[in-house]
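First up is the structure itself, then whatever we jot down about it.
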Amino acid sequence: MFNKLYGKLFLSPYFFKIAICKRENNSILDRKRFIINKIIPGTYKNWSADPVLVENEGKTYMFYESVVEDRGHIEVVEVYDDCSVSKATVVIKDNCHYSYPFVFKHSDCWYMIPESSEANEVRLYKAVCFPYEWKCEAILLKGKYVDTTVFENN
């Protein structure tokens with residue numbers, strides 16, 4: 001009974017929000033409090049998570065998972081200096097649930113590896129027109145892999 005009550009009080013409804021704050025010169029550990037400048041709201045049936053920030057040509061973009069009716073897709077917004085954001089644009093959406101959009105630049109090209117374990121594969125997307133148009137370039141792995149993160153060594 002305790003678990004059921006706890007779930008109703010603290011775990012429902014299950015959704016996330018994204019908070020944005022201005023970058024400061026001091027360490028986040030030195031701050032007395034975390035000041036939120038913008039919140040991307042969420043509801044039980046429509047919420048956002050897994051933000052990834054990238055900078056390109058003096059602009060900051062935030063890619064994130066947007067969930068509508070239990071189906072995740074990838075959206076992008078431009079984040080302005082005052083922490084306001086542009087209108088969201090859906091950049092990856094099909095019959096698969098997507099989350100954790102790992103975005104990176106390599107050899108002057110932008111790539112994204114969104115989590116797509118529902119499809120039993122790790123998909124590599126390449127920007128056709130950054131940041132709004134992406135094309136599946138390759139299937140990197142077959143299987144249930146989650147939250148793929150790439151790093152370059154040497």
Side-chain angles (χ1 to χ4, degrees), residues 11-25 27-29 31 34-154:
L11 302 178
S12 281
Y14 177 76
F15 66 89
F16 296 94
K17 298 177 183 180
I18 296 175
I20 302 172
C21 73
K22 288 186 179 185
R23 181 182 296 164
E24 296 180 11
N25 292 333
S27 165
I28 195 167
L29 299 175
R31 297 181 196 168
F34 186 75
I35 299 172
I36 297 171
N37 300 100
K38 170 74 177 170
I39 292 181
I40 295 178
T43 66
Y44 179 67
K45 294 189 177 217
N46 186 358
W47 49 269
S48 303
D50 298 337
V52 175
L53 291 169
V54 298
E55 292 183 13
N56 187 52
E57 298 178 358
K59 295 181 179 182
T60 302
Y61 298 97
M62 181 173 64
F63 294 85
Y64 57 94
E65 168 191 14
S66 179
V67 175
V68 178
E69 300 285 336
D70 295 327
R71 177 63 63 183
H73 57 271
I74 304 301
E75 293 183 353
V76 66
V77 293
E78 183 177 349
V79 180
Y80 304 115
D81 290 340
D82 65 355
C83 293
S84 63
V85 297
S86 67
K87 184 177 182 221
T89 300
V90 175
V91 293
I92 298 180
K93 182 178 183 179
D94 61 25
N95 295 329
C96 176
H97 175 87
Y98 290 98
S99 63
Y100 186 66
F102 184 80
V103 180
F104 62 100
K105 191 173 187 179
H106 180 73
S107 298
D108 292 327
C109 293
W110 284 98
Y111 295 93
M112 181 190 317
I113 304 175
E115 190 278 311
S116 57
S117 65
E118 182 180 83
N120 287 315
E121 55 193 25
V122 176
R123 299 172 178 176
L124 174 70
Y125 286 80
K126 184 177 181 181
V128 175
C129 183
F130 185 86
Y132 303 110
E133 191 177 340
W134 298 79
K135 177 184 173 202
C136 187
E137 190 77 3
I139 305 302
L140 301 177
L141 295 166
K142 292 281 191 176
K144 285 262 187 215
Y145 299 98
V146 296
D147 297 348
T148 304
T149 303
V150 176
F151 75 97
E152 186 173 359
N153 186 15
N154 297 327

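Note: hydrogens, waters and symmetry copies are ignored here, and every other heavy atom, side chains too, is used. The first residue of the sequence shown is numbered 1, and numbering continues consecutively from there.
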Give the ring-plane orientation class for Tyr61 versus Phe130, where under 30° counts as parallel, over 60° as perpendicular and anything between as tilted.
-> perpendicular
Crowding at CG, Asp81 (>12 non-hydrogen neighbours, <6.0 Å) = no
Can you tell me how far OH of Tyr100 sits from CD1 of Ile74, rounded to the nearest 0.5 angstrom?
-> 11.5 Å
Does anything in residues 139-154 pair up under salt bridge (charged side-chain N to carboxylate O under 4.0 Å, His left out), and if so which pairs, sequence neighbours excluded?
-> Glu121-Lys142
May I have the step-by-step check of side-chain contact (heavy atoms from CB on, under 4.5 Å) for Val54 and Thr60, ending in yes or no?
-> CA-CA 6 Å; Val54 298; Thr60 302; over 6 Å; no
Just wondering, do Tyr125 and Pro114 contact through their side chains at under 4.5 Å, heavy atoms?
-> yes
So how far is it from Ile40 CD1 to Ser48 OG, rounded to the nearest 0.5 Å?
-> 6.0 Å
Can you run down the salt bridge (charged side-chain N to carboxylate O under 4.0 Å, His left out) pairs that involve residues 102-113, sequence neighbours left out, and say none if there aren't any?
-> none
With Ser84, which residues qualify under side chain to side chain donor-acceptor pair (under 3.5 Å), at least two apart?
-> Asp82
Considering all heavy atoms, the nearest His73-Ile92 contact = CB-O, 3.2 Å
Below 4.5 Å, heavy atoms only, C-beta onward: do Cys109 and Lys126 meet side chain to side chain?
-> yes
First locate atom CG of Leu140, then atom CG of Leu124, and finally report the distance between them rounded to the nearest 0.5 Å.
-> 5.0 Å
Contact summary for Val52 and Pro101, nearest pair of heavy atoms = CG2-O, 3.2 Å
Does a side-chain heavy-atom distance below 4.5 Å link Val91 with Met112?
-> yes
Candidate pair Glu65 and His97, rule side-chain hydrogen bond (donor to acceptor under 3.5 Å, both in side chains), full reasoning | CA-CA 9 Å; Glu65 168 191 14; His97 175 87; 3.2 Å; yes
Beyond-backbone contact of Trp110 with Pro131, side-chain heavy atoms, under 4.5 angstrom | no
Is the backbone N or O of Glu78 less than 3.5 Å from a side-chain atom of Ser86, with the two atoms forming a donor-acceptor pair by type?
-> yes
Sub-4.5 Å side-chain heavy-atom contact between Tyr64 and Asp50 | no
Does Thr148 reach the side chain of Phe102, with side-chain heavy atoms less than 4.5 Å apart?
-> no
Quick one: SG on Cys83 to CD1 on Ile39, what's the gap to the nearest 0.5 Å?
-> 11.5 Å
Decide side-chain hydrogen bond (donor to acceptor under 3.5 Å, both in side chains) for Glu118 and Ser116; before the verdict, give the C-alpha distance in whole Å, the side-chain angles of both, and the deciding distance to 0.1 Å.
-> CA-CA 5 Å; Glu118 182 180 83; Ser116 57; over 6 Å; no
Find out whether Val85 and Ile20 are in side-chain contact, i.e. whether some heavy atom of one side chain is under 4.5 Å from a heavy atom of the other.
-> yes
Please tell me if the side chains of Lys38 and Val79 come closer than 4.5 Å, counting only heavy atoms from C-beta onward.
-> no
Glu133 side chain to Lys135 main-chain N or O, any donor-acceptor pair under 3.5 Å?
-> no
Hey, are Tyr98 and Arg71 close enough side-chain-wise for a donor-acceptor pair under 3.5 Å?
-> no
